[in-house]
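See structure below.
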Number of protein chains: 2
Amino acid sequence: MARRSDHTREELWRLIIDSSRKIVEKEGLRGLRARQVARDIGYTIGTLYNLFEDLDDLIMHMNGETLDQLMEECSKVELTQNPNMDLERLVHCYLSFTHENPKLWNAVFEHKLPETRPVPEWFSEKVSGLLSTIERALAPILSGRSAAEIHQHARVLWMSLFGMTVLEGSGRLQEGETSMTLAKTLIKTYVDGLTNGPQVNAGNYPKDNGKTPR
Amino acid sequence: MARRSDHTREELWRLIIDSSRKIVEKEGLRGLRARQVARDIGYTIGTLYNLFEDLDDLIMHMNGETLDQLMEECSKVELTQNPNMDLERLVHCYLSFTHENPKLWNAVFEHKLPETRPVPEWFSEKVSGLLSTIERALAPILSGRSAAEIHQHARVLWMSLFGMTVLEGSGRLQEGETSMTLAKTLIKTYVDGLTNGPQVNAGNYPKDNGKTPR
DNA sequence: ACTTGAAATTGAACGGCGATCAATTTATTT
DNA sequence: AAATAAATTGATCGCCGTTCAATTTCAAGT
């Protein structure tokens with residue numbers, strides 16, 4: 001048998017990604033098997049390899065979709081110019097997503113390409129997109145600082161948040177601890193630090209406490 | 001051939017773990033093969049399975065050793081009661097370690113047991129040990145707060161730091177960005193937030209700015 | 001010293017995996 | 001209608017983790 005044309009190439013792509021997502025969300029990335037995906041969609045392995053280079057490639061695209069979905073959720077959040085509130089909303093959005101799709105989210109960072117293989121450009125771009133969301137929320141509080149500085153604080157927050165979800169996803173939080181409460185503590189304290197801490201020499205913040213700027 | 005007694009059970013254990021560490025540090029966790037370890041140490045696969053339950057078990061113990069080593073480094077750090085400085089030293093220690101053993105460190109969180117399999121007690125204890133180091137450094141600044149609160153801030157910092165090293169380890173930092181500078185920013189801002197931010201009602205901090213305590 | 005039971009070690013074997021590719025069938029172009 | 005291109009199969013390869021009966025050696029008891 002060959003060339004069934006039951007599905008277009010695009011439909012097939014969807015079938016495969018959807019099936020992979022379904023399997024990963026149920027069994028985790030460990031449980032993803034090419035043969036299983038093929039069986040699921042009613043084709044054979046060879047067809048998978050017609051559409052994707054290999055499993056790594058398939059997983060990258062699956063993870064790409066996960067990032068897309070998260071991005072879509074995040075962009076629904078309305079910003080109010082109040083960083084504390086905006087960040088909390090964003091975090092809420094972010095954590096809701098990771099709670100609803102824990103294993104899919106885990107797969108995003110659990111999966112690692114062999115070193116010899118560079119992360120595709122389109123993937124890095126999706127990540128940057130998410131970062132800039134945080135930057136926008138953080139901007140008002142940092143109006144006196146350089147773009148580079150804003151960028152860095154956004155990234156620090158993002159990475160910190162990320163650490164929490166990773167540890168949560170691998171079941172390393174302790175009893176009664178949730179990434180939501182942790183994240184709130186982080187943001188509150190961090191924003192306090194940005195607001196009341198030592199200021200760079202920008203002239204528009206009242207309390208320079210005399211400590212050396214970083 | 002059987003029962004060579006070239007090595008005691010303990011020596012064999014060491015041989016296997018050391019070989020695994022060597023392989024992982026060179027090739028990453030992906031490159032770890034039971035057959036390769038066996039060949040390395042001059043035994044056959046079966047012997048591996050005499051000492052370890054399976055590869056997951058072997059990896060857990062290998063990662064346990066990594067945690068031990070990091071703990072040993074961290075406990076060399078002398079604390080001065082100045083949280084900012086102490087934390088920076090600890091972070092320096094932590095990051096030095098992860099930079100010197102990037103792939104071994106990556107293996108610690110890259111590896112995930114099947115869900116059905118609980119993380120061994122002894123492993124969780126090693127993690128808690130590292131956490132309490134941070135708690136000790138943070139304590140002076142939080143003398144007025146509850147133990148639970150101190151604990152939580154320590155964990156937030158630890159997880160944040162963790163996020164950075166994870167992302168660094170998977171090559172997701174950008175040009176000119178290092179986990180060291182990121183971590184310094186995090187700690188500085190966070191400690192500022194703890195020092196100058198809204199205080200809980202403990203009576204021994206001067207600047208209560210009136211915001212609602214968390 | 002001899003016997004006996006326990007422990008260690010081997011290596012063949014199993015089933016499953018990702019990946020490859022010649023062969024086949026169907027669709028598309030000329 | 002013929003020729004070309006694309007899709008699909010399924011057999012096949014080599015490797016993987018894991019198991020286990022068989023073998024050999026060590027240690028204990030007598």
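For clarity, every value in this text was computed on a predicted model and none was experimentally measured. Naming: A, B, ... by sequence-line order, numbering from 1 per chain.
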* Ring-ring centroid check B:F162 A:F162, cutoff 6.0 Å -> no
Distance check needed: [N] [atom2] versus [X] [atom1], whole Å only.
X: B:Y43; N: C:dA7; atom1: OH; atom2: C1'; answer: 13 Å
X: B:D6; N: C:dA7; atom1: CG; atom2: C1'; answer: 15 Å
X: A:Q36; N: C:dA19; atom1: CD; atom2: P; answer: 16 Å
X: A:R33; N: C:dA19; atom1: CZ; atom2: C1'; answer: 15 Å
X: B:R39; N: C:dT10; atom1: CZ; atom2: P; answer: 14 Å

* **DNA chain D contacts made by residues 45-54 of chain A, counting heavy atoms under 4.0 Å** => A:G46, A:T47, A:N50
* Asked: Which residues within residues 7-25 of chain A lie with some heavy atom under 4.0 Å of an atom in DNA chain D?
  ->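 Correct list: A:R9, A:L12.
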Under-4.0 Å salt bridge between [X] and [Y]:
X: B:R33; Y: B:D40; value: no
X: A:K76; Y: A:E73; value: yes
X: A:R117; Y: A:D54; value: yes
X: A:K103; Y: A:E110; value: no

* Asked: Per the atom types in the model, does the base of C:dG18 pair as donor or acceptor with the side chain of A:R35 at under 3.5 Å?
  -> yes
Side chains of [X] and [Y]: is there a donor and an acceptor less than 3.5 Å apart?
X: A:R155; Y: A:Q152; result: no
X: B:H99; Y: B:E168; result: yes
X: A:H151; Y: B:Q174; result: yes

* Asked: Base, sugar-phosphate, or nothing: which does B:L32 touch, judged by heavy atoms less than 4.0 Å apart?
  -> sugar-phosphate
